[in-house]
Amino acid sequence: MANVPASGEAILQVRNLVKDFGGVRAVDHCSLEVGAGAITGLIGPNGAGKTTLFNLVSGALPPTAGRIVFDGRRIDGMGLHQTFGRGLVRTFQIPREMKRMTVLENLMLPPGGQLGERLWASWFLPWQIKRQERRIETAALEVLEFVRLAHLADEYAGNLSGGQKKLLELARTLMAEPKMVLLDEPAAGVNRTLLRDLSDSILAASVERGITFIIIEHDMQFVMRMCDPVIVMANGAVIAEGTPAQVQQNPEVLEAYLGGTVQGGAVNGGAVQGGAAVGAA
Amino acid sequence: MDVIGIFNYGVGFVIMAGIYAIFALGLNIHWGFTGLFNIGIAGFFALGAYTAALLTTQPPDPAQFEDFRFGGNWSEIGYLDLGFDLWFFLGIAAAAVVCGVIALVIGYVTLRLRDDYLAIATLGIAETVRLFFLNEKWVANGSKGLYRIPEFLGHVVSPENYDYLYLAVVLAALGVVFLAAQRAVQSPWGRVLRGIREDETAAAASGKDVFRFKLQAFILGAVIMGIGGALFAHHIRFLSPLTFDPLLATFVIWAMLMVGGSGNNRGAVLGAFVVWGIWTGTQFLPGFFADPNLRFFMIGVLIVAAILLRPGGILGETRRIARGADRE
Ligand SMILES: Nc1ncnc2c1ncn2[C@@H]1O[C@H](COP(=O)(O)OP(=O)(O)OP(=O)(O)O)[C@@H](O)[C@H]1O
Ligand SMILES: [Mg+2]
């Protein structure tokens with residue numbers, strides 16, 4: 001953990017975070033810092049604890065021990081909607097769309113401060129609500145345009161393909177006004193051309209809107225192109241951190257991917273492919 | 001039956017179906033939109049009915065009690081002094097408030113927990129309410145029941161024509177409840193409820209305080225049921241704990257929602273009329289077929305058939321199509 005992120009000061013600090021599931025310690029005294037405005041990559045073999053770390057940071061699960069500070073405030077112990085309220089938005093590795101709601105409705109849910117979410121307002125201020133709805137709808141259609149799902153706006157979200165659902169996850173984060181976005185494998189199942197556009201838009205959001213990203217991704221090409229720094233997790237803890245190139249050459253990282261863990265075999269392909277991708281780049 | 005007889009029967013039918021439609025709308029808020037599994041509707045039904053009845057009934061006159069007249073023990077019936085002779089609308093409002101407060105308490109305790117706990121708690125409250133009114137005789141005369149429940153504006157219309165007046169009252173109440181429910185579920189508030197129904201975690205990840213919205217929905221549904229109970233009390237004008245049989249006060253309402261279309265308020269109202277029509281219609285079947293148990297069985301078959309043939313109910317939930325500036 002020698003490398004301090006180059007850009008800005010830490011917006012997220014995780015200290016000695018622990019998460020036990022019964023006898024399994026999924027996150028084991030994990031500590032890391034994420035610089036404001038950076039796009040940080042989070043990689044590691046299957047079962048390393050990456051998704052669990054996201055669950056802890058976003059408040060989807062309570063930590064067993066440790067502390068999490070986001071934007072100057074402790075957020076461990078907060079629930080999902082509370083971290084959302086502080087500007088921390090996450091996607092799910094396995095998409096969680098609202099199946100029997102349209103794609104557009106899925107996107108009209110996140111914006112904060114909606115008057116119409118108050119029951120009394122729904123009865124007594126229908127016109128104000130309608131006006132606000134039109135604004136939110138326009139914003140949602142723009143985001144849909146952006147992720148190339150506009151033609152599916154009125155389709156039930158449950159009817160989307162796997163890749164389209166991943167795009168909807170990403171679109172949902174764009175509908176919020178986040179300070180930091182946690183993306184759990186956004187590239188999985190998304191086709192190459194579209195992926196390039198998505199990368200560009202993530203970069204744009206980072207540069208233009210100053211949004212901080214942490215991206216879990218097994219697609220090394222994507223990570224190498226997008227992320228700096230890269231944090232490597234294995235067995236629930238951070239084992240390396242640095243620029244993509246530094247991380248690639250770190251012997252501990254290679255060890256974690258090639259040997260070590262039980263699921264190592266399954267990850268070999270990924271690591272090798274990653275190496276090849278860097279070689280090609 | 002002559003024409004007038006059939007007409008009057010129809011009026012009575014619409015009154016009851018209308019009251020049931022109000023319950024179906026309440027259940028629709030719970031289950032249809034939010035996914036809250038309330039299997040103790042009878043509890044809110046009874047609470048609403050008893051609250052309105054007790055508040056609007058005159059304090060009892062001991063001479064009127066059979067127990068007293070036929071040499072009953074006065075020290076026992078002496079407790080029986082509830083009855084506040086309040087205005088009809090105050091009774092309805094109180095019924096709504098009492099159900100809302102009970103829902104607040106149950107919801108506050110159970111809605112953070114797994115879904116099953118709410119189901120168990122609603123079942124528990126239904127039984128608790130029933131036993132309370134059965135055993136605490138001083139409140140509502142126990143199993144002998146509460147009678148003398150006044151008619152609303154009973155002195156204005158002659159008794160033969162009273163049902164027409166009450167029909168108007170029930171339809172007006174149904175209209176107000178329908179509009180309120182419809183506005184609520186079509187607003188962003190309703191969108192949050194549907195989001196919670198579909199996936200609580202996703203709703204929370206979209207920034208919604210799931211517990212708060214579930215609690216609000218649970219209270220609103222219970223308030224609607226309280227109003228339904230109050231209207232029922234003034235229609236039947238006699239309440240005993242046996243009135244709130246789970247079959248007729250919980251199961252039938254579920255049948256109405258499932259048959260009519262969960263997640264669609266029009267479907268809930270339609271389902272109430274259809275199922276109540278089948279329920280009351282089958283009593284005219286000859287002999288053996290009019291047996292109540294058989295009729296319940298038929299309702300059960302109807303639900304299964306509805307679920308198999310039309311899983312969404314007759315009307316079902318409609319997809320909400322965007323108005324979209326460019327599409328207008
Ligand atoms: N809810 C849970 N209950 C029990 N064990 C869990 C739970 N969630 C995760 N785990 C365990 O915690 C460990 C870390 O899982 P996690 O999902 O965080 O891995 P990951 O790094 O995201 O892997 P992948 O790259 O495959 O997504 C695994 O051993 C997993 O089995
Ligand atoms: Mg994962």
Side-chain angles (χ1 to χ4, degrees), chain A residues 55 58-60 79-85 89-92 95-126 129-130 132-138 140-141 150 153-158 169 172-173 175-176, chain B residues 29 32-33 35 100 112 176-177 179-221 223 262-264 311-312 316-328:
Chain A
N55 284 338
S58 65
L80 262 177
H81 73 274
Q82 290 167 309
T83 60
F84 181 102
V89 189
R90 56 92 49 99
T91 67
F92 294 96
R96 302 192 75 129
E97 75 290 349
M98 288 128 190
K99 293 186 174 29
R100 277 188 300 160
M101 290 167 69
T102 66
V103 167
L104 190 66
E105 283 183 307
N106 269 263
L107 291 189
M108 290 178 73
L109 202 59
Q114 294 190 41
L115 181 66
E117 286 180 4
R118 289 161 205 271
L119 184 54
W120 61 267
S122 78
W123 289 327
F124 302 114
L125 301 173
I129 292 172
K130 227 161 246 171
Q132 203 175 42
E133 284 283 275
R134 225 163 283 155
R135 271 202 303 278
I136 295 172
E137 193 180 280
T138 310
L141 286 169
D154 290 330
E155 188 56 68
Y156 273 138
E169 281 282 311
R172 182 166 54 73
T173 67
M175 283 304 293
Chain B
I29 301 275
F33 292 101
R112 284 179 213 272
V176 170
V177 168
L179 284 181
Q182 196 68 345
R183 274 215 176 153
V185 300
Q186 284 180 339
S187 75
W189 187 76
R191 185 164 61 215
V192 176
L193 299 193
R194 287 183 292 124
I196 290 170
R197 179 192 70 192
E198 293 300 303
D199 189 330
E200 266 181 42
T201 307
S206 294
K208 306 309 168 198
D209 185 344
V210 171
F211 173 70
R212 215 186 88 211
F213 283 98
K214 274 168 64 169
L215 193 58
Q216 289 174 359
F218 190 55
I219 292 172
L220 178 64
V223 162
S262 187
N264 183 328
E317 188 166 16
T318 47
R319 196 153 46 114
R320 280 144 227 266
I321 303 296
R323 262 168 296 101
D326 48 335
R327 275 170 273 197
E328 247 170 356

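Lettering follows sequence order; numbering is per chain, from 1.
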Which atoms of B:Leu220 come close to chain A, meaning under 4.5 Å heavy atom to heavy atom: side chain ones, backbone ones, both, or neither?
->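 Contact with chain A involves the side chain of B:Leu220 alone.
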Cut-off 4.5 Å, heavy atoms of chain A, and the answer for B:Glu317 is both
If you compare all heavy atoms of [X] against all heavy atoms of [Y], which two are closest, and at what distance to 0.1 Å?
X: B:Ala184; Y: A:Ser122; result: CA-OG, 3.5 Å
X: A:Glu133; Y: B:Pro188; result: OE2-CG, 3.3 Å
X: A:Phe92; Y: B:Ala205; result: CE1-CB, 3.6 Å
X: B:Ser206; Y: A:Met98; result: OG-CE, 4.3 Å

Which bit of [X] comes within less than 4.5 Å of chain B, counting heavy atoms only: side chain, backbone, both or neither?
X: A:Glu105; answer: both
X: A:Leu109; answer: both
X: A:Met108; answer: both
X: A:Pro111; answer: backbone
X: A:Thr102; answer: side chain

Q: May I have the step-by-step check of side-chain contact (heavy atoms from CB on, under 4.5 Å) for B:Glu200 and A:Arg96, ending in yes or no?
A: CA-CA 10 Å; B:Glu200 266 181 42; A:Arg96 302 192 75 129; over 6 Å; no
ask   = Just by distance, do the side chain of A:Trp123 and the backbone of B:Arg183 share a donor-acceptor pair under 3.5 Å?
value = no
Before giving the answer on side-chain contact (heavy atoms from CB on, under 4.5 Å), spell out for A:Arg118 and B:Trp189 the whole-Å C-alpha distance, their side-chain angles and the decisive distance to 0.1 Å. CA-CA 6 Å; A:Arg118 289 161 205 271; B:Trp189 187 76; over 6 Å; no
| query | Does the pair A:Glu117/B:Arg191 count as a salt bridge with the N-to-O cut at 4.0 Å? | reply |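 So A:Glu117 does not pair with B:Arg191 through a salt bridge.
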Is it true that A:Arg100 and B:Glu198 make a salt bridge, defined as a side-chain N closer than 4.0 Å to a carboxylate O? yes
